[in-house]
Each structure stands twice: as C-alpha cells, then as structure tokens.
Amino acid sequence: MKRVQFEHSAIPYLFIAPQIIIISIFFLWPSAQAIYQSFLLEDAFGLSSQFVWFKNYTDTIGSDAWLQAAGFTLIFSSLVTFLSLALALLLAVKANEVLHGASTYKTMLMWAYAIAPPVAGLMGNLMFNPLIGDLYNLMNQFGFEFDHKLDSVDAGFVVVLISVWKQVSINFIFFLAGLQGIPKSVQEAAVMDCNSSTRRFWTITFPLLAPTTFFLVVINITYAFFETFGIIDTTTQGAPGGSTTTLVYKVYQDGFRGADIGGSSAQSVVLMIMVLALTVVQFRFIERKVHY
C-alpha cells in the first residue's frame, strides 16, 4: 500500500514565528534568568555574585514577611474572585431582564473595564483620602473610625473594594453573553417546570453557565494574583506594616527597592510554581465537574 505524503511548507512556521519570538523574549528568557539568579547572592550594585544553591529559597519560605504576604495573597485573591464573580452574576441576571434602555444600562456597566488598574487605584485613593474622600467621610459618619493608613483591616477593605470594582465589568460581559446564549426553548421549559425563579436559576440557569463560570474563575484568580499590582502600588503600597503586600508586590519591593535580586528571583520562581500548581488543580479536578 502506497503511503500518502504531503509536501512540507515553511509558511505555517512563518505564521507562528512572531508569536514564538514574543513568548521567548518576554516569557521564556526572563523565566530562565529568574531561575538562574535565584541561585545567586549579589551585592547591591550588581558587581559581584556568589552561587549559594537554595539559600534564597530557604530564606524566602522561612521569612515571616513572605509568609504574611502569602497569607494575605490567598485571602485577598479568594475575596476578589468570589465577590467580583457574585456581583457580576447578579448584575448580568438583572441586566438580562431589562427591556427598556438595555443597551445604555449594559454600556455603563462595561465602562470600568477600560480603566487601567493604576488609574482605578488612583481613583480609589482619592475616594478614601482623609481630607477630600467622600467614601472616607461616609465610613466615618457611620461610626467605623475608618483609617486605611493605620488599620490593616481597613487597608485590606480598600484594596479588595477597588479590585472588585475594576473586575466586575469584564465578568459582567461574559456572564451576560452566557445568559443570552441559553436557548429560549430551555428557558420556557424551565418556567413551566419550576415556578420559583430562585430555584429555577440555581437548578437550570446556573449549571448552564458552568463553562463560563470556570473560565472566569481562572481569569479572576490570575487577575487577583498579578494584575492588582497597580492598584496596591497606587493606594497602600503594602502598608500598614506590610499587611496589604501581595506576593507579586513583595517581589517588586525586594527586587527594585531592596536591591535583593537573588531573593526576589527566588520569590518569583516560588510564585510561578504556586500558580502552575493552582492551574493544574483547577483543570485536573474542578473542570471535571463542568459540563459543556
């Protein structure tokens, strides 16, 4: 039997070459450099270095400051992911039921997505300014004695609130698209089978949104881990006492402010391993419960 062979062409490789080059320059090469520098102990001026094996890793994991940042990152990421998804789902359900002025209502909810995280942080910083901040005055009028400059709980509340507000819009867009993608026949059959709108949503509508929800969970966790850097840098800068320092912001503090290149490189490698492990868990166990 004669084997059929196709002629090899270089055109497909030319098409993917730009993407491979971009990934190599901006991801693979920096990752390799970070792994290499994580085994080195360099002076503040970068004139000399010493190979110290895993000392940077043991110092990182055994550091109280790193453990505090890791704990805050887990709590912060969980709150931002859950609250932004829950609020976006609520808004999407309500927007899907709007009959008059729906386009205007949806457009207004999408505006926040166009705002960069540092800009959102600056806006939140103004809203919680002790002199001119409306939200700061509002919180104190209710007797909370709010002061995010000195109180760690108040500071955490500020960065969570701003981060959730920034992310709600993109979640809203995907949830609304998912709701509008449910066939009308399924919705009509659900109305006939179940009179309770709440029960109908959780037993029929929400399971149909499982693929969208899983996708948004992955996106929001990544957002909370990395993209909130600009929000924290423009609002609290990790204060007070490092209570609002996330792992990615601690890499910046130790590497660029503290000139500890080896320690910050080790932290970035540990953070990369944590994110990869979390991603594997999500796609290995959670995705099994998602029905497409």
Side-chain angles (χ1 to χ4, degrees), residues 19-81 117 152 155-156 159-160 163 217-233 235-287:
Q19 187 68 23
I20 294 177
I21 293 174
I22 292 174
I23 293 175
S24 301
I25 294 176
F26 294 101
F27 180 75
L28 296 180
W29 182 71
S31 299
Q33 284 290 107
I35 295 174
Y36 170 72
Q37 291 178 343
S38 66
F39 294 101
L40 300 178
L41 181 63
E42 300 184 7
D43 62 359
F45 301 98
L47 300 177
S48 62
S49 60
Q50 179 183 0
F51 194 80
V52 293
W53 290 98
F54 294 96
K55 185 178 185 304
N56 290 324
Y57 290 95
T58 56
D59 291 344
T60 293
I61 299 176
S63 171
D64 294 336
W66 187 87
L67 293 176
Q68 180 183 6
F72 175 75
T73 301
L74 294 177
I75 297 174
F76 171 77
S77 302
S78 301
L79 288 175
V80 170
T81 301
S152 59
V159 294
V160 168
S163 301
V217 167
V218 176
I219 295 299
N220 279 260
I221 291 178
T222 304
Y223 161 79
F225 264 83
F226 298 102
E227 297 182 33
T228 54
F229 172 90
I231 295 176
I232 294 176
D233 189 51
T235 52
T236 63
Q237 295 184 347
S243 59
T244 58
T245 300
T246 58
L247 289 176
V248 67
Y249 195 75
K250 194 174 188 313
V251 171
Y252 163 75
Q253 284 182 323
D254 293 349
F256 289 90
R257 292 186 177 180
D260 184 10
I261 303 300
S264 63
S265 298
Q267 293 177 36
S268 65
V269 173
V270 172
L271 178 59
M272 180 176 63
I273 294 174
M274 290 175 60
V275 173
L276 288 175
L278 182 60
T279 304
V280 170
V281 170
Q282 289 174 335
F283 282 90
R284 185 72 180 270
F285 300 102
I286 300 178
E287 192 184 20

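In this chain, residues are counted from 1 in sequence order.
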Hey, could you give me the [atom1]/[atom2] distance between [X] and [Y], rounded to the nearest 0.5 Å?
X    : Y    : atom1 : atom2 : result
Q253 : I232 : CD    : CD1   : 9.5 Å
S78  : N220 : OG    : CG    : 11.5 Å
Y223 : I219 : OH    : CD1   : 12.5 Å
K250 : S268 : NZ    : OG    : 12.0 Å
F76  : L247 : CZ    : CG    : 11.5 Å
T246 : I75  : OG1   : CD1   : 13.0 Å

Contact check, side chains of [X] and [Y], non-hydrogen atoms, under 4.5 Å:
X    : Y    : result
Q267 : D254 : yes
V280 : L276 : no
R257 : Q237 : yes
N56  : F39  : no
L28  : I23  : yes
M274 : T73  : no
F72  : T245 : no
S265 : I261 : yes

**Prompt:** Excluding sequence neighbours, so at least two apart, what forms ring-ring contact (aromatic ring centres under 6.0 Å, His included) with Y252?
**Reply:**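 F229, Y249, F256.
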**Message:** For a quick check under 3.5 Å, do T236 and T244 share a side-chain donor-acceptor pair by atom type?
**Reply:**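 Yes, side-chain donor-acceptor contact under 3.5 Å.
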Taking all atoms of both residues into account, what is the closest heavy-atom pair of [X] and [Y], and its distance?
X    : Y    : answer
P240 : A155 : CD-CB, 3.6 Å
F225 : V248 : O-CG1, 3.1 Å
Q68  : G241 : NE2-O, 3.8 Å

**Request:** Please list, chain by chain and in numerical order, all residues satisfying side chain to side chain donor-acceptor pair (under 3.5 Å) with T60, sequence neighbours excluded.
**Result:**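 Residues passing side chain to side chain donor-acceptor pair (under 3.5 Å) with T60: none at all.
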**Message:** Main chain of V269, side chain of Y57: is a donor-acceptor contact present, judged purely on distance under 3.5 Å?
**Reply:**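 Between the backbone of V269 and the side chain of Y57 there is no qualifying donor-acceptor contact (under 3.5 Å).
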**Asked** Would you call the rings of W53 and F51 parallel, tilted or perpendicular, where under 30° means parallel and over 60° means perpendicular?
**Response**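 Correct class here is perpendicular.
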**Request:** Sequence neighbours left out, what passes salt bridge (charged side-chain N to carboxylate O under 4.0 Å, His left out) with D260? Give chain and number order.
**Result:**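 Expected list: none.
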